[in-house]
Amino acid sequence: MKIRLVNNGVFIPVDDIQQALTPPTEGFYWIDADVDDLAVLQPLFSMHDLAVEDCLSDEEQRPKIEIYENHYFIVINSIRFDDEEIFLRAVNLFLGRHFIISVTKQKVSELRMLKPILWEQEISSPDRFLYLLVDLIVDNYFTVGDRIEARIEKLEEDILMHTKKSHLNEIIGLRSEILWLKKVLGPQKEVINTLNKKDLRLIDDQLQKYFSDIYENAVKISETFETYRDLMGNLREAYQSSIANRANEIMRVFTAITTVFMPLTVITGIYGMNFDNMPELHWKYGYYAVIGLMITLGLTMFFIFRKKDWI
């Protein structure tokens, strides 16, 4: 657990948690904690039992905002994409009048990225901290969206150039991830909309208006992932069409080869009959003549098929 007094973007480390219980003359306290620290923090900051239970739960938490007497409990999901799978990491926030407590189970890059922004903008209030953090988290969805779009384009190019069976697994896996993420984005939009519209005494009225811009971005992200879902459907159709065309190409080649060998089979069948009265059987050059006829006939049919682009 790290305790910092943040005043005008300057971080001052605090060793005694008791100091954070009293509002500072200037600035606010940011307590960056993990779930194990909640046993200490809960009684000191009067955290609601249900909020703490949500932080400790192993189940995936739905984005939400809960209004309690002396603090707000906000859950918002950070996103990460490693080219194989989309990961959402819950950021649990306890917003008070003079403090903000962030509780995470894994490291969240947005918290690290936020520090220089706090310094640059000389932040001294926890509600402003909340706004900047939510803005960073939402903006990161655009970054992940761009990477997913690049992945879709690469997958489409690979399918058109050389279709593989593994492509279908990639399509199904990525489409499932997008559908799952699209489902999660709905509650997250509602949380941001609540921060924008609901009368919240712990958030400055002027600052609340800025959340409308974040909400618009959240709507754009949701629409973008809806488009990605449609693209994955089109990609699956392209895969199936490519497989069908490939099968047709193979069948066409096999058919052409079979057609070339059909007359040759007829010739060999005729001369393979065990009749005594077959003049050609006793001809000195009969064998060479038949072989030459078969080669000439086969090559002629081959070049005719190539000219018609059948093989």
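All of these numbers come straight from a predicted model, not from anything done at the bench.
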- What about Phe28 and His98, are their ring centers closer than 6.0 Å? no
- Task: Heavy atoms only: give me the nearest Ala90-Asn77 pair and the separation to one decimal.
- Result: CA-OD1, 3.5 Å
- Message: For Ala218, is there any backbone N or O sitting under 3.5 Å from a side-chain donor or acceptor partner on Ser222?
- Response: no
- Message: Rounded at 0.5 Å granularity, tell me how far OH in Tyr210 sits from CG in Asp127.
- Response: 12.0 Å
- Task: Flag yes if Leu179 and Phe87 sit in one hydrophobic cluster, no otherwise; membership is Ile, Leu, Val, Met, Phe, Trp, Tyr, and two members link when side-chain heavy atoms are under 4.5 Å apart.
- Result: no
- Item | Residues forming a salt bridge (Lys or Arg N to Asp or Glu O under 4.0 Å) with Lys182, sequence neighbours excluded | Glu226
- Task: Check whether any side-chain N or O of Ser124 sits under 3.5 Å from a backbone N or O of Asn7 as a donor-acceptor pair, and report yes or no.
- Result: no
- Task: Could you check if a side-chain atom of Ile192 sits within less than 4.5 angstrom of a side-chain atom of Lys189, using non-hydrogen atoms only?
- Result: no
- Message: Working to the nearest 0.5 angstrom, can you tell me the gap between Ile79 CD1 and Ser109 OG?
- Response: 11.0 Å
- Task: Decide whether Phe94 and Leu132 are clustered together by the hydrophobic rule: side chain heavy atoms of Ile, Leu, Val, Met, Phe, Trp, Tyr closer than 4.5 Å, transitively.
- Result: no
- Item | Ile67: partners by side-chain contact (heavy atoms from CB on, under 4.5 Å), with sequence neighbours left out | Ile65, Tyr72, Lys198, Leu200
- So if you build clusters from Ile, Leu, Val, Met, Phe, Trp, Tyr with side-chain heavy-atom gaps below 4.5 Å, do Leu56 and Leu50 land together? yes
- N/O donor-acceptor pair under 3.5 Å between Arg89 side chain and Lys107 backbone: yes
- Item | Test item: Arg151 side-chain N/O and Leu174 main-chain N/O as donor-acceptor pair under 3.5 Å | no
- For Lys115, all residues meeting salt bridge (Lys or Arg N to Asp or Glu O under 4.0 Å), sequence neighbours excluded: none
- Hey, is CG on Asp16 packed in by over 12 heavy atoms from elsewhere, all under 6.0 Å? yes
- Query: Are Leu41 and Met47 close enough that some pair of their side-chain heavy atoms sits under 4.5 Å apart?
  - Reply: yes
- Message: What's the separation between atom OH in Tyr131 and atom CG in Leu195, rounded to the nearest 0.5 Å?
- Response: 12.0 Å
- Query: Please, which pairs that meet ring-ring contact (aromatic ring centres under 6.0 Å, His included) have at least one residue in residues 35-55, sequence neighbours excluded?
  - Reply: Phe45-Phe99, His48-Tyr68
- Query: Do Leu114 and Val75 sit in the same hydrophobic cluster, where Ile, Leu, Val, Met, Phe, Trp and Tyr count as joined when their side-chain heavy atoms come under 4.5 Å apart?
  - Reply: no
- The salt bridge (Lys or Arg N to Asp or Glu O under 4.0 Å) partners of Lys64 (sequence neighbours excluded) come to Asp54
- Query: Do Phe73 and Val35 sit in the same hydrophobic cluster, where Ile, Leu, Val, Met, Phe, Trp and Tyr count as joined when their side-chain heavy atoms come under 4.5 Å apart?
  - Reply: yes
- Query: Under 6.0 Å from the CZ atom of Arg62, do we count more than 12 heavy atoms belonging to anything else shown?
  - Reply: no
- Item | Any donor-acceptor pair under 3.5 Å from Asp37 side chain to Asp34 backbone | yes
- Test item: Thr296 side-chain N/O and Gly292 main-chain N/O as donor-acceptor pair under 3.5 Å: yes
- Message: Could you walk me through whether Val14 and Tyr29 satisfy the side chain to side chain contact (heavy atoms under 4.5 Å, CB included) test, starting with their C-alpha distance in whole Å, then the side-chain angles of each, then the deciding distance to 0.1 Å, before giving a yes or no?
- Response: CA-CA 9 Å; Val14 176; Tyr29 292 104; 4.0 Å; yes
- Item | Nearest non-hydrogen partners of Cys55 and Lys105, listed with the distance | O-CE, 3.2 Å
- Query: Would you say the side-chain atoms of Ser46 pair up with the backbone N or O of Gln42, donor to acceptor, closer than 3.5 Å?
  - Reply: no
- More than 12 non-hydrogen atoms from neighbouring residues, nucleotides or ligands closer than 6.0 Å to CZ on Phe11, yes or no? yes
- Message: With heavy-atom distances below 4.5 Å as the criterion, would you say the side chains of Asp139 and Phe142 are in contact?
- Response: yes
- For Lys154, enumerate each residue passing the salt bridge (Lys or Arg N to Asp or Glu O under 4.0 Å) test, keeping only those at least two apart in sequence or located in another chain. Asp158
